[in-house]
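Here the structure comes first, spelled out in structure tokens, and everything after it is commentary.
Since this is a predicted model, take the numbers as computed values, not measurements. In what follows, chains carry the letters A, B, and so on, assigned in the order in which the sequence lines appear, proteins first and then strands, with residues in each chain numbered from 1. No hydrogens, no waters, no symmetry mates; every other heavy atom, side chains included, goes into these values.
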Amino acid sequence: MQEKYQPADVEIAAQDFWNQSGAARAIEDINRPKYYCLSMFPYPSGKLHMGHVRNYTIGDVLARFHRMLGDNVMQPMGWDAFGMPAENAAIQNNVPPAQWTYANIDYMKTQLKRLGFAIDWEREIATCQPEYYRWEQWLFTRLYEKGLIYQRLGTVNWDPVEHTVLANEQVIDGRGWRSGALIEKREIPMYYMKITAYAEELLADLDQLDGWPEQVRLMQKNWIGKSTGVRFAFPYELDGQPGQLWVFTTRADTIMGVTFCAVAAEHPLASYAAARDPRVAAFVEECKQGGVAEADLATMEKKGVPTGIFVTHPLSGEPIEVWIGNYVLMGYGDGAVMAVPAHDERDFAFAKKYGLPIRQVIAKGREDGFGDGSGYGGGTGSGSGAEDGSGSDVAITDFSLSAWQEWYGNKYIGVCVNSGKYDGLGYHAAVDAVAVDLAAKGLGEKKVQFRLRDWGISRQRYWGCPIPIIHCAACGDLPVPDQDLPVVLPENVTISGAGSPLAKMPEFYETTCPKCGGKAKRETDTMDTFVESSWYFLRYCCPDNDHAMVDERVSYWCAGGIDQYIGGIEHAILHLLYSRFWTKLMRDLGLFGEHRLDEPFAHLLTQGMVVAPTFYREDSHGKKQWLNPAEVDAVHDERGRAVGASLRADGLPVIVGGIEKMSKSKNNGVDPQALIEQFGADTARLFIMFASPPDQSLEWSDAGVEGAFRFLKRLWRIVYEHVSAGPVAPTPAAPLSTGLQGLRRQLHQTIGKVADDYGRRKQFNTAIAAVMELLNAYGRITDDSAAARAVRQETLEAVTLMLNPIVPHICEALYAALRPGHTLSGQAFPKPDANALVQNEIELVLQINGKLRGSLRVPVGADRASIESAALASGAAQKHLAGTAPKKLVVVPGRLVNIVA
RNA sequence: GCCGAGAUGGCGGAAUCGGUAGACGCAGCGGACUCAAAAUCCGCCGGUGGAAACAUCGUGGGGGUUCGAUUCCCCCUCUCGGCACCA
């Protein structure tokens, strides 16, 4: 054993050993429990950043821990290789996207190997390879034939200068990021996947995902957004033709308070009005300005214009004016809403702005539970109303915003007033009665509605999976036949930035119709990259199968779901929802045979993001040039926030942006390479695991890296000193000294804690801290007896085994030094020895009036009475009670006594 | 705007089911070793008052429940993530 810790030597030796022994190879074995440990695959952006190191270290810790528990572990890795950054790099550097992508994969793969992750590289996938995406195209054709993929118009961001569709990310303050042109909405034909057909199941199955964080289930639930309400129509007549304006509401109890309706700018009534009124036309035009991102739509100023069209209130018969509102979305429901200004904050603001009537129809009454489980369900009206006296009717008289907000509060539900026959009814009774009356007129019914929309998968981009459709003038749109798959994406192209190069390549799009054999045109749109990431985890099980998308090996590795999935919390909704959806689609196509797989991920660990400050400069066109934090010197205020910064290269100031997740687009990723080169992979792994619990977001700072390195050096030295002192005799039969007993007890407590932290809590920082404490206690033992050496040997062996999942290279070396002729690989995780944990006495906290005033030593298992008398006899109790009797005595067994004076 | 999460010493964080706030580490300060430095080892390390014992305040802000609240409830502020074409 070397005297000094040399991480580079230790790590190369360990990795060579693992590679030779095939330690990370995962081979199906039905006789062993499997453990499929999956980390979200990276986009090959160039270099790893700290977020990757964190993600894959967590995965590796769990994979190695489960291997030590005896599980047959598979930990695969691949590349989410299609995407926009490759096209942007192509424009900037004049390199084809494929070349750029494969070069990045090579480099990042080297970095992952250098970190020593126990990945089965035989299963590597890159989604840009035809062997991968051919199956995605194959599934597309099946879904298209079943009607689960269909075509319709969708709205996109259009850059009128570059004549290009832009991603939301490329629209900044309503302008194109390169051209600076004002962005317009444009409708183009797109393919959609019918995820709404699975809305009920995607919602219901969240209940069975008890291995998922509650917050993620809640976010998905809200995203799916099931609401029960009433869909109904306002009849109207235009040019003598009858029509119906359909809307959906969850507040049908307020229907008598409707004072206007609002429709989207793309609604047929809006088009009708625009054709006749130039002012309306101008407003509809104005609504086309700006991008399609919902965050922008939701935060912009609410504007509207009257159409001059009146519809008829379905119950009161009153005329109701139709307005166009820029906040009404055509893609949600019917593209029209009823407006009740007295009882909806947005309608209220709109009515105040345009001087529209406000009619109160709800009064404070009993606070009826809104939605599910209120106990009101199916009410006949008899139980509702204000007669229980819990609240008297208070009318809104002051319609100022502040008074209104105070009254209305947080979605206040009360009792109907000014509503004719519905007066006195509570929420559920009123909704039921209104629905019955609307149904009687054929103008409406109760309806379940989802917020979830169908998934538009068409992208007008080059670097993606081609959509396997052929457009024939005679036969229509046809899926590419199986024998012609894959539709291979040509890789040698030049990217100009204006439109997809595929649309300019006749050799790609000119084809023949598979049905009539005539001339036909191939679809030139590619698929959303979320499609590739929706099923890659299944393909890891059988990456070499060239005659089927998946095979029986999926049944082995994915039985009961993938055992652990680890990835960033930013994927909590879209990626995870799409993956759940695809798994259900594949199940319903029978691809899993008799092994039904309903949900792909049994346990989910959502990693907090590694965030870093962002810095930028604006060029002459106002375009932001992002600067890496490593190139910038920042000035901080006393709260640690960056308040100013300059670029090191020129000393000139740069603008300080927010603290955001490390990303290619904001150029704030920190490359771990320097860290690994200076301290080694184990220090990098230890440091990132010790820095914070995995689900918490972490602002990157390398302060403290040396502490992690110091710890490993110290561990090395401790083992070196112990081993150098010669062989150890077997544990003696004689009882141990109190000190050695204490160390053994702490050792076995630590083993229990570390196993719990790895296995159940998945909190690695506290596991590391516990081992550090154990080594601190080890260092306090000065005893050199044979018994002490035996306890030391036991402790150090256990420490190397406990730390192995986190810092496997150094542990491999230390274990070999501690047990010559043995290797760590194949060793089981240690188990606590119950005998070592036995204690005779424990210390209880003594509180007086809830404040710490001392402690008590009592025998283990002491009864309540003896604890109470010991507490009252204590000096602290005597002093604070001063002879008076305590009012109360609280005894928490094993923890504390609280005397209430 | 909507949905979800977070805020604890100078810093990262701990306190797992309502029971000793600040484990463990970083930085800092003091000391040992050294010709010196590095490395290493030992000690101190939330604020205020006090020589000390100890007292008192203290977990983003305000209120509440409780013998006892970082933890539960209500309101607010700020930060982060997502919002359907970044991945």
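Remark: the A:R895 side chain and the B:rU20 base include no donor-acceptor N/O pair separated by less than 3.5 Å. Evaluation of atom-type donor-acceptor distances gives a pair under 3.5 Å for the side chain of A:K753 against the base of B:rU16.
Between the C1' atom of B:rC24 and the CD atom of A:Q763 lies a distance of 12 Å, rounded to the nearest Å. Rounded to whole Å, atom P of B:rG81 lies 20 Å from atom CG of A:L218. In this structure, the CD1 atom of A:I848 is 10 Å from the P atom of B:rA55, given to the nearest Å. Across the protein-nucleic acid pair, A:L576 atom CG and B:rG4 atom C1' stand 14 Å apart, rounded to whole Å. Regarding A:L686, its CG atom lies at a distance of 11 Å from the P atom of B:rC26, rounded to whole Å. Look at CZ on A:F687: it is 11 Å from P on B:rC26, rounded to the nearest Å. Going from atom CG of A:D757 over to atom C1' of B:rA14 covers 11 Å, rounded to whole Å. The NZ atom of A:K713 sits 9 Å away from the C1' atom of B:rU40 (whole-angstrom rounding).
Taking the syn range as angles within 90° of 0, the glycosidic angle of B:rG4 is outside it, so the base is anti. Because its glycosidic torsion is more than 90° from 0, B:rC74 is reported here as anti.
A:K851 comes within contact range of the sugar-phosphate backbone alone, with a heavy-atom separation under 4.0 Å but no base atom that close. Contacts of A:E706 with the nucleic acid, taken as non-hydrogen atoms under 4.0 Å apart, are absent. Within the 4.0 angstrom heavy-atom criterion, no nucleotide atom of any strand lies near A:D695.
At least one cation-pi condition fails for A:K226 and A:F450: the charged atom is not both under 6.0 angstrom from the six-membered ring centre and inside a 45 degree cone around its axis.
The aromatic rings of A:Y578 and A:W455 lie parallel to each other, their planes meeting at an angle below 30°, with 60° marking the opposite boundary. Ring geometry for A:H575 versus A:F530: interplanar angle under 30°, hence parallel rather than tilted (30 to 60°). Between A:F709 and A:Y5, the ring-plane angle classifies as tilted under the 30° and 60° cut-offs. Taking the six-membered ring where the residue is Trp, A:Y758 and A:F764 present tilted rings, their angle falling between 30° and 60°.
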Review point. If you write RNA chain B from 5' to 3' in dot-bracket form, with Watson-Crick or G-U pairs under 3.5 Å, [ ] for crossing pairs and | for pairs with another strand, what do you get?
Key: (((((((..(((......[....))).(((((.......))))).((((....))))..(((((..]....))))))))))))....
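Taking the side chain of A:E773 as heavy atoms from C-beta on, and the options B:rC24, B:rG4, B:rG12, the nearest nucleotide is B:rC24. Among the nucleotides B:rU40, B:rU56, B:rU16, the one closest to the side chain of A:R717 is B:rU40. Between B:rG13, B:rG4, B:rU40, one nucleotide has an atom nearer to the side chain of A:R710 than all others, and that is B:rU40. Nearest to the side-chain atoms of A:M772 among the listed nucleotides B:rC24, B:rU16, B:rA14 stands B:rC24. Side chain of A:R853, nearest nucleotide from B:rG19, B:rA55, B:rA14: B:rA55.
Where A:R760 and A:K302 each meet RNA chain B at their nearest nucleotide, the meeting point lying more 5' is that of A:K302. Where A:M219 and A:I768 meet RNA chain B, the nucleotide closest to each residue was compared, and A:M219 sits on the side nearer the 5' end.
At distances below 3.5 Å, at least one donor-acceptor pair connects side-chain atoms of A:D344 with backbone N or O atoms of A:D347. Proximity of a side-chain donor or acceptor of A:R217 to a complementary backbone N or O of A:L206 within less than 3.5 Å is detected. A donor-acceptor pair is defined here as one N or O able to donate and one able to accept, closer than 3.5 Å; such a pair exists between the side chain of A:S874 and the backbone of A:A877. A donor-acceptor contact shorter than 3.5 Å links the side chain of A:N157 to the backbone of A:V292. A donor-acceptor pair is defined here as one N or O able to donate and one able to accept, closer than 3.5 Å; no such pair exists between the side chain of A:N104 and the backbone of A:K47.
Here the separation of B:rG62 from B:rG12, taken at their C1' atoms, is 29 Å to the nearest Å. Rounded to a whole angstrom, the distance from the P atom of B:rU40 to that of B:rG50 is 39 Å. Taking atom C1' in both B:rC29 and B:rG9, the straight-line distance is 16 Å, to the nearest Å. Nucleotides B:rU20 and B:rA84 place their C1' atoms 50 Å apart, quoted to the nearest Å. Taking atom P on both nucleotides, B:rC24 is separated from B:rG46 by 13 Å, rounded to a whole Å. As rounded to the nearest Å, B:rC85 and B:rU79 have P atoms that lie 28 Å from one another. Atom name C1', nucleotides B:rA37 and B:rC57: the rounded distance is 44 Å, in whole Å. On the C1' atoms, B:rU66 is 13 Å away from B:rU71, given to the nearest whole Å.
When the side-chain nitrogen and oxygen atoms of A:N765 are compared with OP1 and OP2 of B:rA14, one or more of them lie within a distance under 4.0 Å. Residue A:N222 places at least one side-chain N or O closer than 4.0 Å to OP1 or OP2 of B:rG4.
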Just the atom pairs and distances: protein N or O near nucleotides 66-70 of chain B's N or O, under 3.5 Å.
residue, atom, partner, partner atom, Å
B:rC67, O2, A:N898, ND2, 2.3

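Ion pairing between A:K353 and A:E301 holds under the 4.0 Å rule for side-chain N and carboxylate O. Between A:K194 and A:D454 there is no salt bridge, since no side-chain nitrogen of the basic residue lies less than 4.0 Å from a carboxylate oxygen of the acidic one.
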**Study point:** Contact letters for nucleotides 82-87 of chain B, in which S counts primed atoms plus P, OP1 and OP2 and B counts the base, heavy atoms under 4.0 Å
**Key:** SBBBBB
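Inspection of the A:T524 and A:R461 side chains reveals no N or O donor paired with an N or O acceptor under 3.5 Å. Between A:D80 and A:S533, the side chains place no donor N or O within less than 3.5 Å of an acceptor N or O (distance only, hydrogens not considered).
Between A:W463 and A:Y43, the ring centre distance reaches or exceeds 6.0 Å.
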